There are 2 protein chains.
Amino acid sequence: MIHYKLLERCPLFKGISEDEAQKLLALIHFQVKNYEKNEIVAIAGETVKNLYIILSGSVKGEMIDYSGKTIKIEDVEAPRPIASAFLFGKENHFPVTVTANNEVKILSIPVSEFLKLLQKNMQILKNYLNIISSRSQFLSQKLHFLSFKTIRGKMAHFLLQHAGDKLHSVELKSSQQQMAELFGVTRPSLARVLGEMQREKLISIEKRTVTLLDKQKLNEILQHG
Amino acid sequence: MIHYKLLERCPLFKGISEDEAQKLLALIHFQVKNYEKNEIVAIAGETVKNLYIILSGSVKGEMIDYSGKTIKIEDVEAPRPIASAFLFGKENHFPVTVTANNEVKILSIPVSEFLKLLQKNMQILKNYLNIISSRSQFLSQKLHFLSFKTIRGKMAHFLLQHAGDKLHSVELKSSQQQMAELFGVTRPSLARVLGEMQREKLISIEKRTVTLLDKQKLNEILQHG
DNA sequence: TTGGTTTTGTAACAATTGATACATTTTCAG
DNA sequence: CTGAAAATGTATCAATTGTTACAAAACCAA
């Protein structure tokens, strides 16, 4: 049986009551599959033909490189969906091999049935569109950020974005170490750039508050990449 | 009036006949707006409340930096949609300011009406899901590619991906210059890496055919970033 | 084939970042 | 307040890439 209450916590069923969820699922075909620990749920490269939602337990996604070694990518726990971004589109196959971390119960809805669900319920349609659109927007922003090749460029972009049009100071919410990871660089390299920018009077740092002294010049940095 | 035949060439209406399109649009509310040359269609930051499909003419997207300068991003021509990836999701506002390049006719469908359309017609629903999913997958691949920090890593990934599991040679379809742009590096730097990899007997290059001599070692390069 | 254009290979030097190490400052629990 | 832990500033050297320049090779139209 399905714990319909659990589905409320799944982003796809946000705003759908327990009763509603039960009624909606009664209208379509689906399966609930059980997997034992270490059992393989899906193999990388396989076509994604179903929407998978984890009802209990957790799974891990692993990539297999060309030589056969496996590298763990991420864990997914109930009540999250697996590979929901690969249900449609040109590359609709699993990017990773999915394996059960423990005893797992998975709700499996065929694509054709899921499409029916989307047409029957406006809220689920909205939810799904919001989920995959948000993912796309997140990736787009990430990509834009990475398009700045130098640490200076990334930092200028970061500061200007967080300050917005009006403010002239930014409160850093994370340590240099965390910031360095976000930027994908080493901590001393980040500190060096911050030091240089202070010496050039572009910014000034007091504790964790960064004041933007010359927005004009910070903008020029963006242009150069 | 709308040239419904034009819509067939729009990815969103793929597989929808002229008649069908006309009948479907008759079921919902929409507007056809005309813009003169240089007229502003949408301002960056504005919430996207409609699906816009260009019926004739073309528009350009421009970003405005923090100092007020404008930078042209891309042109969109009939019968393409504008900002269709920003209709839903958390960041549902225009990433760029959109201006008419010439006399432009635009089909404007409110989000709520577009949702109805998606629920009424399975083909359009599939088309839209495929479009935004493909975009997401494209961005994801791009991001994965950029996650390799060295040119060596990018090149190893590129060659192994294009060769697949079975082949041991890759036919390059573009010049070093084009490849360098794809990698986001300079041409001499790319050539240098190719030279090094040849000297190390990892690959051999004959005209535009790259033979992978040591897939094992190429894989090891991926692990190190 | 010829002659010009494009593509490729390579070199020397500058700029940027990574890796590592260490001193200093800040933070925070006791 | 005090002392240990965490965070930060800085230095040095190695690795990687960019920049610029030039010659050799490949390509292609006349």
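To find a chain, count down the sequence lines: A is the first, B the second, and so on, and within it residues start at 1. Both backbone and side-chain heavy atoms feed into the values below; hydrogens, waters and symmetry mates do not. Everything quoted here is computed from the prediction, not taken from an experiment.
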Which of these nucleotides, [options], is closest to any side-chain atom of [X]?
X: A/R192; options: D/dT8, C/dT17, D/dT10; answer: C/dT17
X: A/P188; options: D/dT17, C/dT10, C/dT20; answer: C/dT20
X: B/R199; options: C/dT10, C/dT16, C/dG18; answer: C/dT10

Contact summary for A/R9 and A/A78, nearest pair of heavy atoms | NH2-O, 4.2 Å
Across the strands shown, which category fits [X] at heavy-atom distances under 4.0 angstrom: base, sugar-phosphate, nothing?
X: B/S189; value: base
X: B/S175; value: sugar-phosphate
X: A/I151; value: sugar-phosphate

Just the atom pairs and distances: protein N or O near nucleotides 22-29 of chain D's N or O, under 3.5 Å.
none

Taking the inter-plane angle between the rings of A/F145 and A/H157 on a 0 to 90° scale, is it parallel (under 30°), tilted (30 to 60°) or perpendicular (over 60°)?
->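 Ring orientation, 0 to 90° scale: tilted.
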Can you check whether A/H144's main-chain N or O pairs, donor with acceptor, with A/S147's side chain at less than 3.5 Å?
-> yes
For the pair B/N127 (side chain) and B/K14 (backbone), establish whether a donor and an acceptor sit closer than 3.5 Å, ignoring hydrogens and angles.
->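 Yes, the answer is positive, given that a donor and an acceptor are paired below the 3.5 Å cut-off.
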Nearest-angstrom distance from the residue atom [atom1] of [X] to [atom2] of [N]:
X: A/E206; N: D/dG9; atom1: CD; atom2: C1'; answer: 16 Å
X: A/L194; N: D/dA11; atom1: CG; atom2: P; answer: 15 Å
X: A/K149; N: D/dG18; atom1: NZ; atom2: C1'; answer: 10 Å
X: A/I205; N: C/dT26; atom1: CD1; atom2: P; answer: 13 Å
X: B/M197; N: C/dT10; atom1: CE; atom2: P; answer: 15 Å

Can you tell me if B/N101 and B/S58 form a side-chain donor-acceptor pair at under 3.5 Å?
->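 Yes, because at least one side-chain N or O of B/N101 sits under 3.5 Å from a partner of the opposite role on B/S58.
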Does the side chain of B/Q137 pick up a donor-acceptor pair with the side chain of B/Q141 at under 3.5 Å?
-> no
Criterion salt bridge (charged side-chain N to carboxylate O under 4.0 Å, His left out) on B/E200 and B/R152, from CA distance to verdict = CA-CA 12 Å; B/E200 296 172 34; B/R152 264 178 96 83; 3.0 Å; yes
Would you kindly compare A/T186 and B/A191 by the position of their nearest DNA chain C nucleotide and give the one closer to the 5′ end?
-> B/A191
